[in-house]
Every structure is written in structure tokens, then in C-alpha cells.
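A short worksheet on the structure shown next.
As the structure lists them, so they are numbered: ligands from 1, and atoms in each ligand from 1.
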Amino acid sequence: MYTDKVMDHFSNPRNVGEIDDANGVGEVGNASCGDIMKIFLKVEDDIIKDVKFKTFGCGAAIATSSMVTEMAIGKTLDEAWKLSNEAVAEALDGLPSQKMHCSNLAADALHEAIKNYRENKA
Ligand code: FES
């Protein structure tokens, strides 16, 4: 039921961990399943130079976290802001419909981290 890309990012997640000198951090939880995701950003000159994540959650949550970090690295904050959960799921060649909510976690955590960076800067 999972695509090869989902299985790859689940078994071998990219960018796992924390960034010690992160300047944007976002954490979200999924009220229905209790899963939690935290994203750390290192932003320089409005470009996302590095992203790391920690996810306590299901396989789809881990795969979407891993994919969203890969998609966000190198993007401007405005470009990364536009990354949607559908885009993340599409990049994984799709998720089973009952697992689409897991991809919200990844996109929301990224958006929270961008918001946090902008608040810190203001
Ligand atoms: Fe909770 Fe997937 S079941 S994020």
C-alpha cells in the first residue's frame, strides 16, 4: 500500500536530528493520533541552508518529514512557505488516503518553523 519512495524515506530517513544553532523551530502535534513532529531550520539571507527533523510518529509521518526537509533545503522562505502537504505527498508518489493527514504534520511543522524564524527576527 506504500510506494517505493515512501518505504525508502521511512527506512532511510534524510536529515534526522537537531540543529544546535537553529534560528527557526516548529513543533506540531496531531490531535487524532498523538504523533509529534519538530523541525529545525538554519536560515541565512532568507535561504534555508539546513533542515533537520525529529518525528515521534507513524511511518508515513517519518517519510513525509524526511521528504519535506529535502524539498525545503535551498529554497527561499517564501518558496518553502508555499510547500503544501499535497506537494509532499506527491513527491512521495502518493500516500494512501487514510494517511494523507500524516503529511499535514510535515507541512505544518515547516510552516511553524518559518513563522518562528520570522518572529525571532522581528
Ligand atoms: Fe499520526 Fe500518521 S498516524 S501522523
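Those atoms of ligand 1 that come under 4.0 Å of a heavy atom in C58, given as number and element, are 2 (Fe), 3 (S), 4 (S). Close contacts between ligand 1 and H101 involve ligand atoms 1 (Fe), 2 (Fe), 3 (S) [criterion: under 4.0 Å to a heavy atom]. Near A61, meaning under 4.0 Å from any of its heavy atoms, are these atoms of ligand 1: 4 (S).
Within the 4.5 Å cutoff, the side chain of T55 has no heavy atoms near those of the V16 side chain.
Within the coordination shell of atom 1 (Fe) of ligand 1, defined by N, O or S atoms under 2.8 Å, C33 is present.
Contacts between A60 and ligand 1, counted as non-hydrogen atom pairs separated by less than 4.0 Å, are absent for every part of the residue.
Between D8 and R14 there is a salt bridge, since a side-chain N of the basic residue sits under 4.0 Å from a carboxylate O of the acidic one.
Note that the NZ atom of K42 and the NZ atom of K52 stand 12.5 Å from one another [nearest 0.5 Å].
Shortest non-hydrogen contact noted between W81 and H111 is O-NE2, 2.9 Å. Of all heavy-atom pairs spanning T3 and D93, the tightest one is CG2-O, 3.1 Å.
Linking Ile, Leu, Val, Met, Phe, Trp and Tyr whenever their side-chain heavy atoms come within less than 4.5 Å puts I114 and I73 in one cluster.
Look at K99 and you'll find a heavy atom under 4.0 Å from some atom of ligand 1.
When the N, O or S atoms of D35 are ranked by distance to atom 1 (Fe) of ligand 1, OD2 comes first.
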